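Quick notes on the structure that follows.
For the numbers below, each heavy atom of this structure counts, side chains included, while hydrogens, waters and symmetry mates do not. Just so it is clear, the structure is predicted and the values come from calculations on it, not from any experiment.
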Amino acid sequence: MTARIRHNDYGPLRPAALGDWRPRLTVSVVIPAHDCQDALDRTLAGLAAQSYPARLIEVIVADDGSSPALRVPGLAPANTRIVRVPDGRWGRGWARQTGASAASGDVVHWVDSDMILDREHIEAHMRWHHLASYTVVLGDVLFTPEGTAPSPKEVFAAVGSGAAAALFDEASPHAYRAGVLAETRGLRDAGAGAYRLHSGASASVAAALLRAAGGLNTALTMGEDTDLGYRLAQAGAVFVPDPQARSWHLGPSTVMRREKEVHRHNWSLLPDLIPDLRWLRAHPRRNWLVPYVEVVVDARGASYEDVRASVDSALAGTLPDVAVTVLGPWRDLTGERHPSLDDPLLDLRLVRNLYAHEPRVSFAGETAPTPAPAPFRLTCPAGRVLGADSLAELVRLAEREGYGLLNVVLDEGPDGVESMRLERAAAFARAALVAGGSPGDLNDPGNLNNLDDSDALDDSDDPEDLDDLVHELFGSFWVSAEEFGVTTAEEAGPLSGDPAKWRAGAERSRRQAQRLRQEVESLRAETERLRAEIGRLEEERSRGHLRGLITSAMRQRKTG
């Protein structure tokens, strides 16, 4: 039986009460660390007093080039060891991945080296992983003021007695995180953006899901936790913040102390990696490492003209961060002598010739299992042409409603419905996890009463259709090709223009409209001035007329 969680609403899962369940999964606590022996000693002391069974915990400290090298203190979990980041490598990405590669636990639990964990912290995390293998649990982190830190012995005693909070006179949450949790019912309503709260200070994930997401990006020295959170989301993860997984960060974080500088640094890197951060991809024409949408066009058995029409329409739309994969038996196109015009593979050769040096087009023999890290994939039959806004409008609909699948009806006939499909990577990854299950899922009968509502379970042993599961977990919808401007190569004709030219035309129109507004304002001001002048002249004429009447009356009086 596998838990079924719709979007990021983990509400159907009911974790066991702390101290009232039977743990069985092992956990590897990974601590990236650099030149911080004193802080590490406190963190390890807190880990030595955890309520989760010690036999199920290993602690791996990833020493990121410390000098002198870090050591395991006397007050630490029994199964604690240090691994070194490879020579010549450095940074948090490398440290986290080095630790994860050495981990043997069912779950990998990230902890920063300047943290003190409450007694039930790891237990609170792990109870969720016993319910569903695709949860990513986020601990509750409070930040203490800068100042004197407790000794490792004080930490061990306080954590072991359940009084860790008494170590600090005051502690407060990160304001941004607290606001997001309040606005989204603890991320239950956060949808596709739940990953943005993923933080390496305290987060845990099933080792299998971490591998499926590709592990850590070792090129990143900052922002690696946000990048990993995004890729975990594309792998089907559900993000669960647990307020009972309490912890304390000694002093404010780097983000809290130097927020603008951190953003300046990270926002030079993350736009290439996370298409979901749309405001960081404001440039209208440049290429990005990870596309927002992968468009797949099948060239097998199709004419060169039809393939070209479909590919060109995808590249020319108003959604700029698109990559196209053209399917075909490309290995058959050898360099051996062949007739230039009568080659039976001529259409395929022409397609490859045309796009050989287009960086947004790649060639593949078959469709990859997932478009991830791209969040969307559109399958477009050769000869079908996207309108300028077709792809942008389809993605906008999927994002607004949270759909996992959009089917665009192209044609209906005796053989069924021909359609174009827009698939959300996260939705199909989640459906595959639900359909296939995992050792971390609900295979312990003692855990069955920790689920709410019978419809949260898959009660059938028969494999289910992924489209049906996607509909259940994310929703799906059928739309017409006409509604979204999708047509055929014959009907579409040549491309009508470049979106950049449309933008340039719109800018010219905007400037012209601005000039006209300025002229209107100038004319309005001139009109007001003339009205004032006319009013003044009329007033003077009235005064002159009145003086004339008075003079005439006085003359009549004298003559009378």
Q | Exercise: do H109 and S204 side chains pair donor with acceptor under 3.5 Å | A | no
Q.
For a quick check under 3.5 Å, do Y230 and D225 share a side-chain donor-acceptor pair by atom type?
A. no
Q) So, does S390 use its side chain to make a donor-acceptor pair with the main chain of F484 at under 3.5 Å? A) yes
Q: Mind listing the closest non-hydrogen atom pair of P381 and L410 along with its distance?
A: CG-CD1, 3.8 Å
Q) Quick check: does any side chain N or O of E358 sit under 3.5 Å from a backbone N or O of R360, one acting as donor and the other as acceptor? A) yes
(Q) Between R396 and E399, does any side-chain N to carboxylate O distance fall below 4.0 Å? (A) no
Q.
I'd like to know if D9 and R4 make a salt bridge, using a cut-off of under 4.0 Å between side-chain N and carboxylate O.
A. no
Q: Specify the closest pair of heavy atoms between A314 and V324, including all atoms of both residues, with the distance to one decimal.
A: CB-CG2, 4.0 Å
Q. Between D189 and R185, is there a donor-acceptor pair closer than 3.5 Å when you use the side chain of the first and the backbone of the second?
A. no
Q. Quick one: do the H198 and T226 side chains pair a donor with an acceptor below 3.5 Å?
A. no
Q: Mind checking the NE2-CG spacing from H265 to L270? Nearest 0.5 Å is all I need.
A: 9.5 Å
Q | Salt bridge R278-D321, side-chain N to carboxylate O under 4.0 Å | A | yes
Q. Got a second to check how far L378's CG is from L406's CG, nearest 0.5 Å?
A. 9.5 Å
Q) Just one of T325, L327, D298 clears the side chain to side chain contact (heavy atoms under 4.5 Å, CB included) bar with T367, so which one? A) L327
Q) Under 4.0 Å between a Lys/Arg side-chain N and an Asp/Glu carboxylate O for E472 and R6? A) no
Q) Do the side chains of I274 and V290 get nearer than 4.5 Å, heavy atoms only? A) no
Q: State the CD-CG distance between E423 and L466, to the nearest 0.5 angstrom.
A: 9.5 Å
Q. Are any non-hydrogen side-chain atoms of L469 and R430 less than 4.5 angstrom apart?
A. no
Q.
Salt bridge check, D106 against R24: does any charged N sit closer than 4.0 Å to a carboxylate O?
A. no
(Q) So which atom in R400 and which in L397 form the shortest heavy-atom distance, rounded to 0.1 Å? (A) NH2-CD1, 3.2 Å
Q) Quick one: does Y355's side chain get under 4.5 Å of V311's, heavy atoms only? A) yes
Q: Evaluate the ring planes of W21 and Y52, with Trp represented by its six-membered ring, and classify them as parallel (under 30°), tilted (30 to 60°) or perpendicular (over 60°).
A: tilted
Q: Specify the closest pair of heavy atoms between P241 and L181, including all atoms of both residues, with the distance to one decimal.
A: CG-CD2, 3.7 Å
Q | Minimal non-hydrogen separation, A245 against H125, with atom names | A | CB-CD2, 3.6 Å
Q | Shortest non-hydrogen separation from L25 to H129 and the atoms involved | A | CD1-O, 3.7 Å
Q.
Checking side-chain polar atoms at under 3.5 Å, does T318 have a donor or acceptor matched by the opposite partner on D389?
A. yes
Q) Between the main-chain N or O of A398 and the side-chain N or O of R424, is there a donor-acceptor pair closer than 3.5 Å? A) yes
Q: Step through the shown structure and confirm whether more than 12 heavy atoms of other residues, nucleotides or ligands are within 6.0 Å of CZ on R286.
A: yes
Q) Has the side chain of W330 got a donor or acceptor atom that lies under 3.5 Å from a matching backbone atom of A364? A) yes
Q) Would a 4.5 Å heavy-atom cut-off, applied to side chains only, mark V30 and V111 as touching? A) no
Q. Got a sec: does the CD of E366 have more than 12 other heavy atoms crowding it under 6.0 Å?
A. no
Q: State, with a plain yes or no, whether a side-chain heavy atom of L187 is found less than 4.5 Å away from one of L197.
A: yes
Q.
If we count only N and O atoms by modelled type, under 3.5 Å, do the side chains of H174 and S199 hold a donor and an acceptor together?
A. no
Q.
Just verifying a value: how many Å separate L319 CG and R281 CZ, rounded to the nearest 0.5 Å?
A. 9.5 Å
**Q.** Donor-acceptor pair, side chain of S310 and main chain of R384, under 3.5 angstrom
**A.** yes
Q.
Between N8 and F239 (side chain of the first, backbone of the second, donor and acceptor by atom type, cut-off under 3.5 Å), is there such a pair?
A. yes
(Q) Is it the case that the ring center of H283 lies less than 6.0 angstrom away from the ring center of W288? (A) no
**Q.** NZ/NE/NH1/NH2 to OD/OE distance under 4.0 Å, R300 and D347
**A.** no
Q | Flag, side chain of S313 to backbone of L386, donor-acceptor distance under 3.5 Å | A | yes
Q.
Holding to side chain to side chain contact (heavy atoms under 4.5 Å, CB included), I want the full list of residues that pass it with S340, two or more places apart in sequence or in another chain.
A. none
Q. Can we say R196 and D276 salt-bridge, meaning some charged N sits less than 4.0 Å from an Asp/Glu carboxylate O?
A. yes
Q) Short question: side chain of S28, backbone of A103 - any donor-acceptor pair under 3.5 Å? A) no
Q) When rounded to the nearest 0.5 angstrom, what distance separates CH2 in W128 from CG in L138? A) 11.0 Å
Q. Does R352 use its side chain to pair, donor to acceptor, with the backbone of F363 at less than 3.5 Å?
A. no
Q | Pairwise side-chain contact, W478 with L405, heavy-atom cut-off 4.5 Å (strictly under) | A | no
Q. Hey, are T370 and Q234 close enough side-chain-wise for a donor-acceptor pair under 3.5 Å?
A. no
Q. Any side-chain heavy-atom pair from L18 and E123 closer than 4.5 angstrom?
A. yes
Q | Gap between atom CG of L269 and atom CG of L289 - 0.5 Å precision | A | 11.0 Å
